[in-house]
Every structure is written in C-alpha cells, then in structure tokens.
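Counting from 1, the numbers follow the sequence of the chain as shown.
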Amino acid sequence: MCGIVGYVGSDKALPILIEGMRQLEYRGYDSAGVAVAEGGSLTVVRRAGELTKLEQALDGNGMEGTLGIGHTRWATHGPPTDGNAHPHRDCTGNIAVVHNGIIENHEALRAALQAEGHELSSETDTEVVAHLLEGAVAQRPRPLLDAVIEVIAMLEGAFGLVCIHAEQPDSIIAVRKDSPIIVGVPDGSGIVASGIPALLPHTRDVIPLDNRQVAEIKAGSVSLFDFDGEPAEPRVVHVEWDISAAEKGGYEDFMLKEIFEQPEAVRNAMRGRVDLSGRILLDEVSWDADVLNDITKIVVVACGTSYHSGMAAKHAIEHYTRIPVELDLASEFRYRDPVLDDRSLVIGIAQSGETADTLAAVRFAKDMGAKVVAVTNVVGSSITRDADAVLFTHCGPEIGVAATKTFLGQLVALNLFALYLAQERGAMAEEKVAETIAAMHELPAQIEEVLALHDDIQRAAKSLSDVSDVLFIGRGVGMAVAMEGALKLKEISYIHAEGYAAGELKHGAIALIEEGVPVVAVMTGPSLYEKMMANVQEVRARGADTILIAPRGDERAKALATELFEIPLTKPLLTPILDTIPLQLLAYYAAKERGLSPDKPRNLAKSVTVE
Ligand code: F6R
C-alpha cells in the first residue's frame, strides 16, 4: 500500500518527510513525491521509481519550508510515472493532496470537474480531490478544514487523505476513511503518517484516527472532528514496539501479516465492481457485447500459486458461462502447439505481472490472434502492457515471497470475471448472479472466522514439523486448494508435500500411506463430499493422521479427524477463498516450528523473470 507523511513545525520539512518515507518503504511503492510550502507557494517534486531517484531530483533544490507532505505510491489508477506520483495539485497549484486507497466515483467527479473547466493532468483517482478542494476553498475563501469536510462528503470508496494549502501554512488536514492515518504532536511540531514507523523517530505517543475522522494538525496540537464537523476526543496510544516490529504491524513476519490482511484484500478486490443490485460492473473489460458473445473458448495460463487460482477459475468459468476452458502451466503452453484463434480468450494470471513464462505465453497467444485478459496485482507491470484488458487484484503490495493475499485476490477477481461473462452473455439469470455476489460480500467476515482458528492451526503445525512427507487431497475446486496447500508447505517449511486429486490416490500414491503419515483433506465441496469421505476413510484405515478442512458442524468429519478445521458455509465455487487460509497458516506455523524464515524461503524470488 502507499505511504503518507506530513510535517508542520519549526524545522525544515523536507528531511523529515524523506526520513518518514524511508520508514514506510517496506510497504512497497513504485513512485514518490513531496510538496513543501514556502513563501505562499508550493514546490512539488515527484519521481517514478525508488526514493533515491526523488532524492537525486531534490538535490540542491534548497527547500526551506516548514510545512510539507510526502507520499510513496503503489499505483492503482494509472501507471507509475512522474505525473501520476503524488502529491497532486489543483489548478492554482496552491493545494496539494496525498492519498491512500481508492476513490470509487472518481470518473464521475473528473467529468464534472472538467465540465467546470478544471484541467486535470494525471490519470489518478486522487487528483480530483485537489480540484474539488479548490472549488470548496474558493467559495468564500475559507479554511482548508471546512473545505475538506465539504469535499469528503462527495467521495465514495476508501481514503486516507492528507492535504495542505500554501496560503494556510500553519496546518495540515488529514482524513481517515477505511485507510489508516496516525498523528503525533511532539515538541511543538505536528506529524502525520499512514503507518506508525514514520512517527517513531519523533514520538512514541501516537493518535490513530478513528474511522471517519478528520484531523487539523498544527505545530504542537491536533483537533479531531467527525465527518459532520463535530469535535471528537483524541485517543493517545503509547507504542512499545521497535521500528521493525512496527513495519510488520505487530506481526512476527510479513507473511503472517498478509494472511491476516485477507479480509481487506477480498474487500478491495470487489470494491467498485458490483452495484447495489448485485450487478457486476467490470469497466476494465469494456469490450462490445459482440466480442464477449463471440468467445468460443478460454485458455488460462499461469505458474505456481497463480496456476492454482486458474484451476479454481476453470471450474467457475465453465459452470457459470458454459464456455470450455483449458488450463495450462505457462511454461508448457507455447511448446504444446495449442489451437487458438481470434475467438479465443486467454487469461494470463501473475501476481507480479513479470513472470517470464506467463509473459511469453500471453505474447504467443496474442500473436495467434487471441484476446488477452491479464489478472495481476501490479499496476504498470509488463503483463499489463501486453494484455488487451487488465483485472487488478488491488491487494496492496505483498512483501512475503509466498503468495497469500494475492491468491485470494486472484480468486475474487476471477470469480467476478466469470460471473461478468455469464451476466453479459445471458448465460446466468440476474438473480443468480446477485445471489452469488451476496455470498461474496459475506466472505471478509467469514475469513475473519477462519483466521480465528490460528491457535488450533499452530498447535496442529507442531505435529508436522518433524515429518518428511505430507499428502494434500481434494476434488473439484478442492483439488486446487490441496495443490496450493502443498505448494505453500513445501516452499516455506521445506517439508515434502504433494497435492493430489483424491480420486487418483488408489492409482499409486496410496502406497505412500503408512502409520502416522499426515494427509490433509479438503472436503467442503458438497457435491463431492461423499467421495472425499471415502478417500479419507481409505487413508485412515492405513494409519494416516487426517487433517480435515470440513464444513462447520460436520459430525461425520469430526469422527474421522486427527485435526479438524471447521469452515463457514459458502457457495461451492467460493470455497477455495476460505479453505486455503488454514493451509496458509499451517505452512507458516510449520516453518516457524522448524526455525525457518517464512518471508524469505531459500532459492525463491517474488518475481521470477527468467524462464
Ligand atoms: C508461491 C508463489 C509462486 C508464484 C509463481 C508465479 O507462493 O508465490 O509459486 O505464484 O512464481 O508468480 P506470479 O503470480 O507473479 O506469476
């Protein structure tokens, strides 16, 4: 996610902003910028790339101002360029805004602003805020605080906002709506940031804004208000953590933090893509009905964890749309002489957007005339340039090498895409689409329930720490979960694990089962439940220890389980979004039990840019 820093006081703002941005670097970003007020005007410098690029651009700039804001941007709307980097300004150049989150109604606001004559220079959703503030401040003129309160009422979505006005140089206005903002007022100064690490060099007493609060920060004081402008009491929290613990938000590792961020990741992957009636709006795939109706086959290409989300997507797309789907490992695809034409749609899935094999597969498909949709978490990544359309997963940066929240983001984006195709081609009744969307809206709360099992999962992981092999079995979409569970375990705990179609056991792998071999069975899918039961009985009869991922309240599973993780009920095709979580945690705790570092497994990289 992006990082925000703001400073007002008697010291030079620039070094404090840069230091704060450095403390937030771990969150991932692809461009950075600062705005400093001095002598009634603002100086803004922004650069794509690393903070050092920004520092080089600032070298010798001599900004002396004592009020400023800075931002490290993780691109969501518009690629990571100098012009899309924050801060963004209004037409007068006197107001500067930095923003974390997504303004969902930015397109409508942009159109209205342009109709009024505003000139917007970036592709971002954020810039509309600066121009809306321009209008609101100019009305009387009046304090930035009042203008901000007026403008946030027009915004939909999630926003952590920090704004300054060159002609009102004694204050910073900050807003929190579904995106964290924290304030500190040490030693006659005021500092604001989106993460505690940026404040820790200055103070350990911080004021986290509550949701839907606005702060007016001055040197040595802060006043809080609700969205109606009513005053609110600040809540001061004393931080005991050191900086590295603060970066991880109190979690021991990024992987664990990212697993626990999954309710938010799923919410973000759905945000702005569904209307109130449950209809899907995928502006990204704004192809004519003819094009969508013309598709005769779909091929999904991906690697590793992304391949597993593709496996689950194949079931969803075929079920909802009745379009046949092929699934290929991207590294195999172009060597098998695939049959494609201009009525084929290829879906390339890559959280990084840089995986060499997936890029090559996508280019190969384009050369054969196919249309390409990319599913990725990284705006501006290579796959976005090669694709005809891009579905972003909007999960925020993932620091841990093992993909967790991006996997869930992919599952959500792919399910939405499958439903969208069915909706647009008339393959599914509107009520059915809306019913599935309603089930998807329940997922974040259900994910919280699954995460609450973490203590039990940690205990179960202890028994895995000294085994040499684990078998993961499933059927249908449960097989994709089994394969993903096995991959997670092997990549971070280095325990050998196999993901297997449960029905295939008797054709060979069952020979591996003997007393004490752990078998993880994913058995939440109702239609294949009895068949999974039979497989679990088979392995138990041969002495296996069974770890079952089963529907909540399932007494029969309880009777057969060495360890049981009960999962809330959802639609069968959505079960991977819940069932994967205990397996992520199992892998994480097994790695910890073995004294390994889950964030940086040996021999692996976050982007695999070689074939
Ligand atoms: C596993 C993992 C990898 C990636 C694979 C593809 O946790 O992260 O298996 O899924 O390297 O990466 P992307 O999705 O970037 O193409």
Side-chain angles (χ1 to χ4, degrees), residues 1-2 26-30 74-76 102 248-249 251 253-271 273 284 300-313 330 347-355 357-359 373-384 387 390-417 440 443-444 447 450-451 480-481 483-485 487-488 491-492 574 576-581 583-585 587-588 598-601 604-609:
M1 223 69 73
C2 316
Y26 72 92
R27 296 159 64 92
Y29 66 100
D30 40 37
W74 166 265
T76 55
I102 298 173
K248 293 177 187 147
Y251 291 96
D253 299 282
F254 283 112
M255 180 177 174
L256 191 60
K257 174 172 178 273
E258 285 154 6
I259 290 173
F260 275 82
E261 281 171 353
Q262 292 182 116
E264 195 54 26
V266 165
R267 247 180 239 118
N268 283 340
M270 289 188 70
R271 204 184 288 284
R273 289 176 162 163
E284 300 97 317
V300 180
V301 291
C303 302
T305 289
S306 298
Y307 178 77
H308 300 146
S309 70
M311 267 176 114
I347 306 179
I349 314 169
Q351 55 80 22
S352 63
E354 301 295 348
T355 301
D357 283 316
T358 310
L359 292 178
V373 173
V375 177
T376 184
N377 196 39
V378 183
V379 175
S381 58
S382 303
I383 203 168
T384 64
V390 186
L391 279 177
F392 290 108
T393 45
H394 292 313
C395 297
E398 192 171 64
I399 313 281
V401 163
T404 52
K405 63 176 178 173
T406 53
F407 178 65
L408 259 62
Q410 289 171 353
L411 291 172
V412 170
L414 288 161
N415 269 280
L416 285 176
F417 183 60
M440 291 181 81
L443 288 168
I447 294 171
V450 181
L451 290 170
V481 176
M483 295 197 60
E484 175 57 9
L487 177 60
K488 283 287 95 84
E491 71 176 324
I492 61 166
L574 301 177
I577 296 171
L578 301 176
D579 293 351
T580 306
I581 295 164
L583 306 189
Q584 296 169 337
L585 286 168
Y588 171 81
D599 285 344
K600 293 198 174 88
L604 292 174
K606 190 73 190 155
S607 297
V608 184
T609 53

How long is the gap from [atom1] on [X] to [atom2] on [Y], to the nearest 0.5 Å?
X: L391; Y: L416; atom1: CG; atom2: CG; answer: 8.5 Å
X: Q410; Y: Y307; atom1: CD; atom2: OH; answer: 14.0 Å
X: I349; Y: H308; atom1: CD1; atom2: NE2; answer: 11.0 Å
X: Q262; Y: I447; atom1: CD; atom2: CD1; answer: 6.5 Å
X: K405; Y: K257; atom1: NZ; atom2: NZ; answer: 6.0 Å
X: I259; Y: T580; atom1: CD1; atom2: OG1; answer: 11.0 Å

Point to revise | Step-by-step side chain to side chain donor-acceptor pair (under 3.5 Å) determination, S382 to E354 | key: CA-CA 6 Å; S382 303; E354 301 295 348; 2.5 Å; yes
Determine the minimum heavy-atom distance between [X] and [Y], stating which atoms define it.
X: T393; Y: A413; result: CG2-CB, 4.3 Å
X: I492; Y: P598; result: CG2-O, 3.7 Å
X: C395; Y: N377; result: N-OD1, 2.9 Å
X: T404; Y: E258; result: OG1-CB, 3.7 Å
X: D599; Y: M255; result: OD1-N, 2.8 Å
X: I383; Y: A350; result: CD1-CB, 4.4 Å

Check your understanding: Heavy-atom distance under 4.5 Å between the side chains of L574 and M440, does that happen here?
Key -> yes
Review point. How about M483 and M311: do any of their side-chain heavy atoms sit closer than 4.5 Å?
Key: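 Yes; the side chains approach each other to less than 4.5 Å.
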Review point. Can a donor-acceptor pair be found between the side chains of T305 and K488 at a distance below 3.5 Å?
Key: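 Yes, a side-chain donor-acceptor pair sits under 3.5 Å.
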Point to revise | Side-chain donor-acceptor pair present, E398, T406, cut-off under 3.5 Å | key: yes
Exercise for review: Apply the test side chain to side chain contact (heavy atoms under 4.5 Å, CB included) to residues T376 and F392: give CA-CA distance (whole Å), side-chain angles for both, the deciding distance (0.1 Å), then the verdict.
Suggested key: CA-CA 5 Å; T376 184; F392 290 108; 3.8 Å; yes
